[in-house]
There are 4 protein chains.
Amino acid sequence: MIQINERSMLPIYEQIVQQMKELIAKGVMQENEKLPSVRELSAQLLVNPNTVAKSFQELERQGIIVTLRGKGTFVAKRTAAPGMERERMDHLQTELRRVVVEARHLGVSREQFIIWTDEEWKRFGGDADVNR
Amino acid sequence: MIQINERSMLPIYEQIVQQMKELIAKGVMQENEKLPSVRELSAQLLVNPNTVAKSFQELERQGIIVTLRGKGTFVAKRTAAPGMERERMDHLQTELRRVVVEARHLGVSREQFIIWTDEEWKRFGGDADVNR
Amino acid sequence: MIQINERSMLPIYEQIVQQMKELIAKGVMQENEKLPSVRELSAQLLVNPNTVAKSFQELERQGIIVTLRGKGTFVAKRTAAPGMERERMDHLQTELRRVVVEARHLGVSREQFIIWTDEEWKRFGGDADVNR
Amino acid sequence: MIQINERSMLPIYEQIVQQMKELIAKGVMQENEKLPSVRELSAQLLVNPNTVAKSFQELERQGIIVTLRGKGTFVAKRTAAPGMERERMDHLQTELRRVVVEARHLGVSREQFIIWTDEEWKRFGGDADVNR
DNA sequence: GTGGTCTAGACCACT
DNA sequence: GTGGTCTAGACCACC
């Protein structure tokens, strides 16, 4: 379910983080569902186990998954790390600005941009997650 | 006019590229306007000249600026590098997706997201660039 | 300045984190001072560079140090990560409780415990850091 | 009476050890009192019996409890394992230092720290255990 | 079985 | 020169 692009400038472990978050946002992975083990996933992606492990640790740090010692790793209940949120919110806005600037440079109209945004929004399960 | 954050995870040269593009998008820098020289800018930003040079090369690669030997560097007329556009357009959509995923994970509503988008859009000069 | 105990149950990278924090708390390392490079320190401690790197990343995550790309890593200005604090404060209290419980089990008197606390407190520079 | 946090970085068996010690320090469990059996406790905590067994072994190693073959496990008379004490005393001081360092980094004042210490001290039954 | 840690050694981007 | 990433393969504690 995850595609690795070896030639991307994003580190592999970040690609895994990214796509795992997408899978969870889309609802492909549900709360409390077990993720594939580090070894499994590394074999499947043809990637070193350490690299997958690093991704999992990063996802855990972000509160997206939890690891239960000796049992495996699971999709976390969405409870939102209390303090982290503000920081990540700021980060989000900075990234949004970058994307908007890029769009302007490419001559994308505001209307087109909103359409694209909606398309992406819908890819991730309509109106889930909104209620919190 | 450019602010460098030494401890950002974005390379310094990318920060320069990014902000230069913002300045042009905002219209602070106009077509055919001359940019400061590498030496000037590096002195001003307290950054290694190599780093500034790298930014200019990247901006040129993207068709945003042009360097005229012996004369200096100038803001390019738009449509300078038609071939690049497809690539950058794809890149834009990828980044947009990432931002949307992040927003969903943080529980941002579609409405809020659109509002933010509009705010950013307005920061860069209303309806310029739309007609092409 | 750092002592590694290979036989400790604390991971090596945690020992480095721990002791680096002590050095900074004691004032041996000052704000903005440059840390030894990953390679240097790894050679000195007879430890793999990856292990030292992991320590540095953890220290950065905690806001204790900052890394400047291509320049090195430096002791951070103490500005206290905004959101993290509450979490770490709770963690601190939990650890304090554990230590107190252990002391009670060993029959240490309250007075003795306070004396030890004061000794440790003095080891780290008397009254520095208190004003914030 | 014992709470297990599956996702703590402390091993589950250590959590049991820790909390059992707290119960004894608080006087909830008295000298010579019988502990629940491994099977009982494991069923109650929804934890693997092996894990509970490991906790009991550790508590016995520390001289906190004793197992009498065929009879069960009991809270030991204090001073059961005199040789262990030096080791645990050193460990205690190391941990105390860690906590103090952490407190300094978080900008906690000496006074506040003492107050917290007293609070924890009082949680565990005033002045018991002092006389020995 | 699980994830966590460590080593050895390589390559890369950034300054 | 710096730190960041990745691979290969090993060992360990925990469940």
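The structure presented is a predicted model; accordingly, all values stated were derived computationally and were not measured. The chains referred to below are lettered A, B, ... by the order of the sequence lines, with proteins before strands, and numbering in each begins at 1.
In the interface, the side chain of C:N50 is paired with the base of E:dG9 through a donor and an acceptor atom under 3.5 Å apart.
In this structure, D:E6 pairs ionically with A:K71, as a charged nitrogen and a carboxylate oxygen lie closer than 4.0 Å. Look at A:R88 and B:E102 and you find a salt bridge, because one of the NZ, NE, NH1 or NH2 atoms lies within 4.0 Å of a carboxylate O, short of that distance.
Side-chain proximity of A:E40 to F:dT5, F:dC6, E:dT2: nearest is E:dT2. The side chain of C:R69 sits closest to E:dC14 out of E:dC14, F:dT5, F:dC15. Side-chain atoms of A:V47 lie closest to F:dT7 of the nucleotides E:dT5, F:dT7, F:dC15. Considering only the side chain of A:V38, E:dG3 comes nearest among F:dT7, E:dG3, E:dC6. When each of F:dC15, E:dG3, F:dG3 is scored by its nearest atom to the side-chain atoms of C:T67, the top-ranked nucleotide is F:dG3. The listed nucleotides are F:dT2, F:dG4, E:dT2; the one nearest the side chain of C:S37 is F:dT2. You'll find that the side chain of A:Q57 is closest to E:dG4, out of F:dC15, E:dC6, E:dG4.
The CG atom of A:N48 sits 13 Å away from the C1' atom of E:dA8 (whole-angstrom rounding). Between D:L45 atom CG and F:dC14 atom P the separation is 17 Å, expressed in whole Å. Between A:L41 atom CG and E:dT2 atom C1' there is a gap of 14 Å when expressed in whole angstrom units. Remark: C1' of F:dG3 and CD1 of C:I65 are 11 Å apart, rounded to the nearest angstrom. When rounded to the nearest whole Å, the span between CG of C:L46 and P of E:dA8 equals 10 Å. Computed from coordinates, the C:L10 CG to F:dC12 C1' distance equals 15 Å when rounded to whole Å. Whole-Å rounding puts the C:E6 CD to E:dC6 C1' distance at 11 Å. One atom, CD of A:Q15, and another, C1' of F:dC6, lie 13 Å apart when rounded to the nearest Å.
Nearest heavy-atom pair across B:I12 and B:V47 is CG2-CG2, 4.0 Å.
No option in D:V75, D:I24, D:T67 other than D:V75 meets the side chain to side chain contact (heavy atoms under 4.5 Å, CB included) test with D:L35. Among C:L23, C:I64, C:I65, the one residue that satisfies the side chain to side chain contact (heavy atoms under 4.5 Å, CB included) test with C:M29 is C:L23.
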field: Paired and unpaired positions of DNA chain F as dot-bracket, Watson-Crick or G-U wobble under 3.5 Å, | denoting a partner strand
entry: ||||||||||||||.
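For the pair C:T51 and E:dT7, the criterion of a side-chain N or O lying under 4.0 Å from OP1 or OP2 is met. Contact between the side-chain N/O atoms of C:K54 and the OP1/OP2 oxygens of E:dC6 is not found at any separation under 4.0 Å.
With DNA chain E read from its 5' end, the first of the two nearest nucleotides for A:P36 and B:Y13 is the one closest to A:P36. With the nearest nucleotide of DNA chain E identified for both A:K34 and C:I12, A:K34 has the one nearer the 5' end. Both A:P11 and C:L68 sit near DNA chain F, but only C:L68 has its closest nucleotide nearer the 5' end.
Looking at D:Q44 and D:E40, their side chains never bring a donor and an acceptor atom within 3.5 Å of each other. Judged by distance alone, the side chains of D:E58 and D:Q62 do bring a donor and an acceptor atom under 3.5 Å apart.
Looking at residues two or more places apart in sequence or on another chain, you find no side chain to side chain donor-acceptor pair (under 3.5 Å) involving C:E22.
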